[in-house]
Amino acid sequence: MINLPFCFCLLQEPSNKRVRSLGRVTSLANLISPVKNGAVRRFGQTIQASFRGDGKSPGVPQKPCSKPAAPTPPKRRNSTLWSEMLDIHQKGTFSTKEIKRQEAIFELFRGEQDLIEDLQLARKAYHDPMLKLSIMSEEELTHIFGNLDAYIPLHEDLLAQLSKATGPDGTVGQIGQIFISWLPRLNAYKDYCSNQLAAKALLDQKKQDPRVQDFLQRCLESPFSRKLDLWSFLDIPRSRLVKYPLLLKEILKHTPAEHPDAASLQKAITVIQGVLSDINMKKGESECQYYIDKLEYLDDRQRDARIEQCKSLLCHGELRSKSGTKLHVFLFTDLLILTRPVTRNERQCFQVYRQPIAVQDLLLEDLQDGDVRMGGSFRGAFSNADKAKNIFRVRSQDLSQAQSHTLQVNDVFHKQQWLNCLRSAISVHRPLSEPSTPSPPTELVHQILFTIKFIFKHLFRPFFGG
């Protein structure tokens with residue numbers, strides 16, 4: 001398994017599935033109503049009618065309600081399209097392109113309503129009951145939930161501006177300038193996104209508490225959750241952030257080039273891309289420091305001064321050594337660190353395995369399936385043990401370290417990801433003309449050194465009592 005840096009994680013597009021509307025939760029009793037166990041499924045996010053307010057929605061002609069509200073809220077949310085709100089006469093007054101443009105704007109508006117609803121739900125259905133029932137401490141809840149309430153006015157302001165831009169016929173004219181002014185305010189999410197890794201780790205740790213697990217399970221089985229677990233709600237802001245450039249591009253796609261909003265929309269897309277880049281950078285630095293703080297050293301000589309200076313974690317994940325040992329490998333910008341996952345007082349740590357290898361000295365060798373036999377014993381080299389697949393070798397060209405590690409990945413896809421990350425990191429420190437794979441003379445020297453070391457360790461050391 002390989003975990004890519006935050007820029008890959010943040011920019012992944014969430015599901016675009018549309019689901020139907022859910023009524024408002026009105027009491028704690030509704031929040032924790034026990035039901036039979038059910039499978040966990042994930043649905044898309046849309047709006048709850050109770051948070052729409054009395055104002056007009058952009059792009060939708062106002063219609064009086066002909067039916068009273070149902071006594072029992074539906075399990076899913078309304079996914080009506082903008083065009084489905086029009087009567088036959090109104091549809092005939094708009095071109096196909098304009099209808100698609102208004103539907104794209106309407107989708108953006110509804111998404112903002114959904115986000116506000118879910119932020120409020122996270123507070124009302126999870127945070128407040130757990131605090132009131134002393135299931136978690138206030139400090140723990142603050143660490144997990146962050147300051148979600150502070151972001152609600154931010155999105156309510158955008159809704160107000162979009163509603164103001166809506167014409168009498170339910171269409172929205174220009175929104176580009178609104179977003180150019182509003183999007184930089186999303187930098188407020190830097191701290192929230194940077195804390196997600198630590199928040200998720202604490203939440204997973206607290207789930208070991210039976211009271212926490214029971215509460216979260218009851219919530220999951222209750223209608224208001226839409227079968228989404230707590231972390232799904234806490235991750236909604238991140239998934240919403242990455243949709244903004246896609247939504248704006250969709251609106252621009254259906255905006256004629258001569259439309260007065262076209263240039264502003266293009267500029268807004270540039271603005272949000274810059275905002276996401278800044279959030280990614282801050283998130284990457286936070287993730288990097290998070291794992292540095294979890295490193296555990298067996299020897300002070302393993303404490304390379306460059307570790308504390310690292311600001312970016314390029315990739316990390318579980319691999320196996322040639323002997324079958326499970327390792328967690330971290331590739332920072334300047335160092336490759338092999339560790340063993342350990343648990344100390346219910347806290348996960350990573351025990352540094354051997355000396356960190358400087359990326360500038362790193363040599364990478366792509367091994368073919370069957371080139372190496374796994375097992376690690378001297379006798380195993382002459383046995384019929386299964387030959388390894390999805391393997392590569394890293395070593396230091398610094399002969400004073402004499403380090404070489406044959407590593408195995410779960411599948412060919414993750415192997416290629418590791419190779420790409422390693423080659424990219426090496427290319428920053430060494431000219432492109434310099435090969436990352438060791439030259440034959442250097443490789444021969446390493447083989448001789450390791451052979452001598454192996455023979456001394458397994459054959460001669462017993463005679464000297466070492």
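The figures here come from the full heavy-atom set of this structure, side chains too, leaving out hydrogens, waters and symmetry mates.
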Query raised in the report: So F330 and H316, would you call those rings parallel, tilted or perpendicular, with 30° and 60° as cut-offs?
Result: parallel

Requested in this report: Return the orientation label for the H155 and Y189 ring planes: parallel under 30°, perpendicular over 60°, tilted otherwise.
Outcome: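 Rings of H155 and Y189: tilted, as their planes differ by 30° to 60°.
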
Among side-chain atoms of [X] and [Y], is any donor-acceptor pair under 3.5 angstrom?
X    : Y    : value
Q102 : E98  : yes
Q113 : E117 : no
D191 : S194 : no

Report task. I would like to know whether S264 and I180 meet side chain to side chain contact (heavy atoms under 4.5 Å, CB included); could you show each step before the answer? Result -> CA-CA 7 Å; S264 296; I180 290 173; 4.1 Å; yes

Gap separating the [atom1] atom of [X] from the [atom2] atom of [Y], nearest 0.5 angstrom:
X    : Y    : atom1 : atom2 : result
K100 : S95  : NZ    : OG    : 10.0 Å
T325 : L407 : OG1   : CG    : 11.0 Å
I144 : N195 : CD1   : CG    : 9.5 Å
I426 : C421 : CD1   : SG    : 11.0 Å
L186 : Y151 : CG    : OH    : 10.5 Å
L338 : F350 : CG    : CZ    : 13.0 Å

Can you confirm whether [X] sits close enough to [Y] that some side-chain heavy atom of one is under 4.5 Å from a side-chain heavy atom of the other?
X    : Y    : result
Q205 : R347 : no
M130 : L230 : yes
L159 : I116 : yes
L158 : L154 : no
Y297 : P356 : no
L148 : Y192 : yes
L115 : I152 : no
L119 : P237 : yes

Query raised in the report: Looking at residues at least two apart in the chain, or sitting in another chain, which of them share a side chain to side chain donor-acceptor pair (under 3.5 Å) with D214?
Result: R218

Requested in this report: Give a yes or no on this: more than 12 heavy atoms of other residues, nucleotides or ligands lie within 6.0 Å of atom NZ of K97.
Outcome: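 Count over threshold, so yes.
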
**Report entry** Enclosure of E138 CD (heavy-atom neighbours >12, cutoff 6.0 Å)
**Finding:**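 Not buried by this count: 12 neighbours or fewer within 6.0 Å.
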
Report task. Any pair with a residue in residues 239-269 that passes ring-ring contact (aromatic ring centres under 6.0 Å, His included), sequence neighbours left out, goes on the list, sorted by first then second residue, please. Result ->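 Residue pairs with at least one partner in residues 239-269: W182-Y244.
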
Are [X] and [Y] ion-paired here, with the side-chain N under 4.0 Å from a carboxylate O?
X    : Y    : answer
D261 : R101 : yes
K282 : D278 : no
D299 : R301 : yes

Query raised in the report: For I272 and L276, what are the C-alpha separation, side-chain angles and deciding distance, and is it a side chain to side chain contact (heavy atoms under 4.5 Å, CB included)?
Result: CA-CA 6 Å; I272 184 57; L276 292 182; 4.3 Å; yes

Using atom types as modelled and distance alone, determine if a side-chain donor or acceptor of [X] lies under 3.5 Å from a backbone N or O of [Y].
X    : Y    : value
D128 : K124 : no
Q360 : D334 : no
N187 : P184 : yes
K415 : I391 : yes
R354 : H405 : no
S225 : E221 : no
Q403 : Q355 : yes
T255 : A262 : no

Query raised in the report: Applying salt bridge (Lys or Arg N to Asp or Glu O under 4.0 Å), which residue pairs with at least one partner in residues 305-314 are found, sequence neighbours left out?
Result: D304-R306

